[in-house]
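Here is the structure we will look at.
Values below: every heavy atom of this structure, side chains too, minus hydrogens, waters and symmetry copies. One-based numbering, in listed order, for ligands and for the atoms of each.
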Amino acid sequence: MDKIGNLIYAGKAKDVYEYEDNNKVVVKFRDDISAGDGEKKDSLVKKGYYNSLISSKLFEVLEESSIKTQYLKLLKPQYILSKKLKMIPLEVISRNLAAGSLLRNFPFQEKQKLEPPIIQMDYKNDKYHDPMLNDDIIIALKISTKEELNEIRAITKKINHLLSKFLDEKEIILVDFKLEFGKDQDGNIVLGDEISPDTCRYWDKETLDTLDKDIFRKGQGNVMNAYEKVFNRVVDEDDLKKWNID
Ligand code: UDP
């Protein structure tokens, strides 16, 4: 842990630190939680612990199926050693059921099945409040090329398939989720950021109860109870042993 260097970047819920190897960074998952463009904020004990472990597990699941991710290893709870990427300012949202902003912006029915799943790209930019983009705008802003967008869509589709299947076996419905991609030193498109209850909608398969940040957004109940449930279903004893966590 003495190999962690200076803070490079502080986001709303994660910090990024330099590492002794200049091609790598350490991502720290903090306990902070926010919603609505950062207007609603809190700090929840163990959120960083749960999210770092859930995210590690899901990145490992994807890596096992040859998805390129920035994940290298969990150093200890809250701290993930990652490849350094040049991030692409897109929020790539994949939706299996209609929820959230899709219901606010369009005449979908709540819980409506989206077949085929919708992939939506938002501009990751606080100043402009993350507006939805289309391919022409993305290309004109030189965020990505047409070819890169096709690749991002193909990877996102595959990730949706893999995660939906994995979570279904844990009695969780993957309603929607947000991904962020970056480029590694060789220019490859690599999955970055996190996959956690902060960035996905998870519903209990049997009860359809919310098990994600929507509880915080709507102020409806105990957020950490839900995150703990996801943690208990997704991370098993063997994972904890492998990561040297008691
Ligand atoms: N999402 C996210 N960060 C954002 C916006 C959305 O992680 O800045 C995730 C969110 O948790 C959900 C999915 O992307 O799983 C779709 O979010 P939506 O567009 O419905 O927005 P919201 O209702 O959260 O405002």
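- For the residue pair Asn160 / Ser164, a side-chain donor-acceptor distance below 3.5 Å is found, with atom types taken as modelled.
- When the shell of 6.0 Å around NZ of Lys41 is examined, it contains 12 or fewer heavy atoms from other residues, nucleotides or ligands.
- Judged by a 6.0 Å distance limit and a 45° cone about the ring axis, Lys213 is not positioned over the six-membered ring of Phe216.
- Listed by first and then second residue, the salt bridge (Lys or Arg N to Asp or Glu O under 4.0 Å) pairs that reach into residues 87-110 are Arg95-Asp176, sequence neighbours excluded.
- Under the 4.5 Å side-chain heavy-atom criterion for grouping Ile, Leu, Val, Met, Phe, Trp and Tyr, Ile189 is connected to Leu62 within one hydrophobic cluster.
- The existence of a salt bridge linking Asp135 and Arg153 is confirmed by a sub-4.0 Å separation between a basic side-chain nitrogen and an acidic carboxylate oxygen.
- Within 4.0 Å of ligand 1, protein heavy atoms belong to Glu91, Ile93, Arg95, Ala99, Gly100, Ser101, Arg104, Asp130, Asp176, Phe177, Lys178, Asp198, Thr199, Cys200, Arg201, Arg217, listed by chain and number.
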